[in-house]
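Worksheet: one structure, shown below.
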Amino acid sequence: MSAADQKKTLEEIAPGELVAKKQVEQKSPLPPLEGAEHGKVVTRFPPEPNGYPHIGHAKAAIIDEEYARMYGGKLILRFDDTNPLKEKLEYYEAIAEGLEWLGVKPDIVKNTSDDIAILHDYGKRLVNSGGAYVCTCSQDRVRDLRAKGLACECRADGVDVAGRLEKMFAGSYEQNEAIIRFKGDMADPNTAMRDPALFRIIEGDHPKVGKKVRVWPTYDFAAPLEDSLDGVTHAMRTKEYELRNALYFAILDRLGLRKPAMIEFSRLEFEGMPVSKRKIRPLIDSGTIKSWDDPRLPTLSAFKRRGFVPEAIRKFVLSLGLTLAETKPPFEALEAFNRKIIDPRCMRLYFVRDPVEVRVEGAKEMQVTLKNHPTDPSLGSRKVRVADRLFMAGDDAQNLKEGDELRLIELYNIKVAGLERQDGRVRAVRAVMGGDEIRQSMPKVQWIAKNDIVEFQVMIPKALYAGEEYNPDSLEVAKGGVESFAAALAPGAQVQFVRFGFCRIDRSNTAILTHR
RNA sequence: GCUCCGGUGGUGUAGUCCGGUUAAGCAUUUCGCCCUCUCAAGGCGGAGAUCCCGGGUUCAAAUCCCGGCCGGAGCACCA
């Protein structure tokens, strides 16, 4: 019996007994938070200031903020700076700037290193209460025994733990000589629980606290403590940390501290656009890529430079949801969001790639007014003087045949009278006036008056990586010309070059293609 | 190797916890039409998924159970 038949029969036998499945409506693109109370939600975005912010940071920060706002709560930006060897002052700033550009406004900004004394205190407390111990084994031995699931002597009773702890903080141990380890379970199938390091000694110059501190907590210790102490109610992190959840909660349990809820989501990365410094740094060091805002990179500064707007990134990120599936979302979707947002505010200007000269016989010099936007008059117009010589795009010219008619957009029609070729390529076009009637079927092309053209180039970013290899064709350069009006635009201006694509002016005579 | 997490149209997701209302919603992509002095945006419409595979439970399974297969992650004194 089909579902419909069953339903019908049921209605006959027991009218009114059929209950409609409850409708779960939800406004926000994100699912509701478990146990969230309005006004009491605290989330946190905890980047390590060890590099420039990228699209992966954006995802986490946006989700964190979105939830804080959704529930009228607070967002904490916490620089997770517990490794002086990796962190630099410029990265704190870069991250803060990146978030500001994104429109993510934290309610509180702090550093994990601000709380180093508190963290030390809890660490000592944990050791003194038997929840952790000082291990003086070599790194190799620790790794080896963890793999085998065996404990070392340092964990046994009878070791002078108090003395070792004292030595650790007093500076008697050298770097790598001693660590504080959580007393977990060396036989736990979850290897994260096999007595992980909680503190280690690092001789370094910390960007915020200098050389004063040498005993630094690891992420595994700092994260749960900070979250709990800061009042975070919902902590979110990417799913590669999933196995550490047990440790996170075990630490808080042993210290008797409040436990936040933990939510995971997958990392965000685009195909051919790696986020990892391991893949980008060599290209920078070798000069293949000049800077961290190169338009092929997934850094926020690159997205900005390329012409993506924060609203588009936010919409895109939220459209991905909180899935755990590891996929590479379509870059085209980001482009589509961005296009819809910038379309109404981009002036339509002419860029001709590989210009080919057109001579229109009998054309008199005249002045035309061109609309800067097809539907929005507030974007204004511009005046251009045209005589009998102008340029059209090389690709458009190549397909011409004698007798073809085409429309020079917002100017007039022309009829091809002759083509001048060189090596089989059309080098110049001779044309005659073809009237002014606009016909839908007629091809329409953009043009630039000969006396108005300015040399110009557009950089076209492509996939940086093809599989595991650097893509040597990742940056295409389209050379050509623009109207003098476009050449005069200030860097940062976003325009649409008609029939070419949306671009952001990067510097004088150069733009970057945002997307088609 | 051990442990954990994923697997829904070309792509990304919603739905899966609490099985049934439309055998699957949205976005992107693509195609067609309308609009249009752009191959943009906007409007309308179409195409595209045996919901990884195989069993089982059930009147009924994308949803529950078992077993596979495939993909990813963790096993740092990095975060």
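Quick caveat: nothing in here was measured; it's all calculated off a predicted structure. All heavy atoms count here, side chains included; hydrogens, waters and symmetry mates do not. In what follows, every chain begins at residue 1, and chains take the letters A, B, ... in the order their sequences are listed.
Set against B/U28, B/A40, B/C77, the side chain of A/A333 has B/U28 as its closest nucleotide. In this structure, of B/A41, B/A73, B/C77, it is B/C77 that holds the atom nearest to the side chain of A/Q139. For A/V142, whose side chain is taken as the heavy atoms from C-beta onward, the closest listed nucleotide among B/C77, B/U11, B/U13 is B/C77.
No side-chain N or O of A/R348 forms a donor-acceptor pair with one of A/N372 less than 3.5 Å apart.
The aromatic ring centroids of A/F308 and A/F331 lie less than 6.0 Å from each other. Ring to ring, A/F485 and A/F351 are not that close: their centroids are 6.0 angstrom or more apart. Residues A/Y52 and A/Y91 place their aromatic rings such that the two centres sit under 6.0 Å apart. Checked against the 6.0 Å centroid criterion, the rings of A/F303 and A/H54 do not qualify as a close aromatic pair.
Nucleic acid contact for A/Q440: base, since at least one base atom lies under 4.0 Å from a heavy atom of the residue. Looking at heavy-atom distances under 4.0 Å, A/S138 makes contact with a base. Residue contacts for A/K371: at a heavy-atom cut-off of 4.0 Å it reaches no nucleic acid atom on any strand shown. Here A/N176 lies in heavy-atom contact (under 4.0 Å) with a base. Here A/T375 lies out of heavy-atom contact (under 4.0 Å) with every strand.
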Can you give one letter per nucleotide of nucleotides 1-8 of chain B, 5' to 3': B if a protein heavy atom sits under 4.0 Å from the base, S if only from the sugar-phosphate, - if neither?
--SSBS--
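For A/R407 against B/C37, a side-chain N or O and a base N or O form a donor-acceptor pair under 3.5 Å. Counting atom types as modelled, A/Q496 pairs a side-chain N or O with a base atom of B/U38 as donor and acceptor under 3.5 Å. Taking 3.5 Å as the limit, the base of B/A79 and the side chain of A/Y241 contain a donor-acceptor pair of atoms between them.
Using the Watson-Crick or G-U wobble rule with both distances under 3.5 Å, B/C2 pairs with B/G74. If you check B/U50 for Watson-Crick or wobble pairing at under 3.5 angstrom, you find it has no partner at all.
Using a 4.0 Å cut-off between charged nitrogen and carboxylate oxygen, A/R267 and A/E326 do not count as a salt-bridge pair.
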